Amino acid sequence: MTANGNALKAIIRTENLTRVYHLQGEDIRAVNGVSLAIYPRQMTAIVGRSGSGKTTLLNLIAGLDEPTEGEVWIMDQALRAMDERARLALRRERLGFIFQSFGLLPLLTAAENVSVPLRMRGLPSGEREARVREALEWVGLLRRARHRPYELSGGEQQRVAIARALAAQPQIILADEPTGQLDSQTGRRILDLLRRLVNERGMTLAVVSHDPMVMAEADVVHELRDGKLIETRYKSA
């Protein structure tokens, strides 16, 4: 059930999701019995202090880490029932990623970085070029297409990372602290772009963050503490 009372089918669900790490003879429950739902065409924030388990939870949702207990469903597909090839195909075809550290390849231009996931999918060069151009234009960086990451500001690098996710045309984008390395003014511009992905592109966005601006912007906020989901808040209609 969403904030406005309409029943929607969750695009991502977790049930009793738990991840235990064994460190120096001690069991650390980084994620501890988390059950939540993420709905389509919304911005969902997963928040909490450092060490609360939010990035681990995002990695479990993405299939980048294996849960100790529990399950993740993405578009009704149970990740634990999928082999690694199927998970890789899911990430390549359906999921986009935006990272705090931008994740750009330093020797490639902005356009070449945006093109990387399209090359991995084997798209023809003409389609790749059209998608790259359209994505860079959408984030306002077409004029910087031939610049390498070290020639771009932090905000511009994050906009390239958003363009890279957008060009792949995923249904879901997972973002880990996308404003974490940016000043508040630049972070606000990045957040506005992320909101446009939802409003104009109909994408589902799950954002891990401790940024108050992200919490205020999100349609739904799931708060973690010590690996547990302690509260879910919905934006007022």
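Not measured: the values here are computed from a predicted model. Residue indices begin at 1 and follow the sequence shown.
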Indicate yes or no: at least one non-hydrogen side-chain atom of [X] is less than 4.5 angstrom from one of [Y].
X    : Y    : answer
R233 : E231 : yes
R19  : L60  : yes
R201 : R196 : no
M203 : L166 : yes
E177 : H210 : yes
L224 : I230 : no
V207 : S209 : yes
P106 : R148 : no

Note to self: Test side-chain contact (heavy atoms from CB on, under 4.5 Å) on I74 and I172; report intermediate values, then the result.
What the structure shows: CA-CA 9 Å; I74 297 182; I172 301 166; 3.8 Å; yes
Counting heavy atoms not belonging to E200, are there more than 12 under 6.0 Å from its CD?
-> yes
Where [X] and [Y] come nearest, the two heavy atoms and their spacing:
X    : Y    : result
V34  : T14  : O-OG1, 3.0 Å
A10  : A37  : CB-CB, 3.9 Å
N113 : P117 : O-CD, 3.9 Å
A135 : V114 : CB-CG1, 4.4 Å
I98  : P178 : CG2-CB, 4.2 Å

Rounded at 0.5 Å granularity, tell me how far [atom1] in [X] sits from [atom2] in [Y].
X    : Y    : atom1 : atom2 : answer
I12  : T204 : CD1   : OG1   : 7.0 Å
T109 : R146 : OG1   : CZ    : 9.0 Å
L182 : Q157 : CG    : CD    : 9.5 Å
E156 : E151 : CD    : CD    : 10.5 Å
L58  : L174 : CG    : CG    : 5.0 Å
M43  : D219 : CE    : CG    : 7.0 Å

Side chain of [X], backbone of [Y]: donor and acceptor closer than 3.5 Å?
X    : Y    : result
T68  : V20  : yes
R13  : I38  : no
R131 : A167 : yes
K54  : V47  : no
R87  : L79  : yes
Q42  : A206 : no
E15  : V72  : no

Kindly indicate, with the supporting measurements, whether the criterion salt bridge (charged side-chain N to carboxylate O under 4.0 Å, His left out) is fulfilled by R188 and D192.
CA-CA 6 Å; R188 179 70 255 177; D192 289 343; 2.8 Å; yes
Same hydrophobic cluster for [X] and [Y], using side-chain heavy-atom links shorter than 4.5 Å among ILVMFWY?
X    : Y    : answer
I46  : L194 : no
V214 : L57  : no
L152 : V132 : yes
L17  : V220 : no
L191 : V221 : no

**OP:** Check step by step if side-chain contact (heavy atoms from CB on, under 4.5 Å) holds for W138 and L193.
**Re:** CA-CA 9 Å; W138 194 82; L193 275 177; 3.9 Å; yes
Does the side-chain contact (heavy atoms from CB on, under 4.5 Å) test come out yes or no for R164 and F97, once each step is laid out? CA-CA 9 Å; R164 179 180 56 195; F97 297 90; over 6 Å; no
So the side-chain hydrogen bond (donor to acceptor under 3.5 Å, both in side chains) pairs with at least one residue in residues 69-83 (sequence neighbours excluded) are K9-D76
Practice task
Take R49 and D226 through the test salt bridge (charged side-chain N to carboxylate O under 4.0 Å, His left out) and record every step on the way to the result.
Solution key: CA-CA 9 Å; R49 294 180 179 178; D226 298 327; over 6 Å; no
Is it the case that the side chains of T18 and N32 hold a donor-acceptor pair, with the cut-off being a distance below 3.5 Å and no angle test?
no
Is there a donor in the side chain of T186 and an acceptor in the side chain of D183, or the other way round, less than 3.5 Å apart? yes
Discussion item. Check whether Y39 forms a cation-pi arrangement with R41 (NZ or CZ under 6.0 Å from the six-membered ring centre, at most 45° off the ring normal).
Written reply: no
> What do the steps show when you test K228 against E223 for salt bridge (charged side-chain N to carboxylate O under 4.0 Å, His left out), and what is the final call?
Replying inline: CA-CA 8 Å; K228 295 182 179 180; E223 184 174 353; over 6 Å; no
Discussion item. Does this structure show an ion pair linking E129 with R133, if we count only N-O contacts that are shorter than 4.0 Å?
Written reply: no
Discussion item. Pair V160, R144 - check side-chain contact (heavy atoms from CB on, under 4.5 Å), show working.
Written reply: CA-CA 9 Å; V160 172; R144 307 283 270 167; over 6 Å; no
Tracing side-chain contacts under 4.5 Å among Ile, Leu, Val, Met, Phe, Trp and Tyr outward from M120 reaches L105, L108, V116
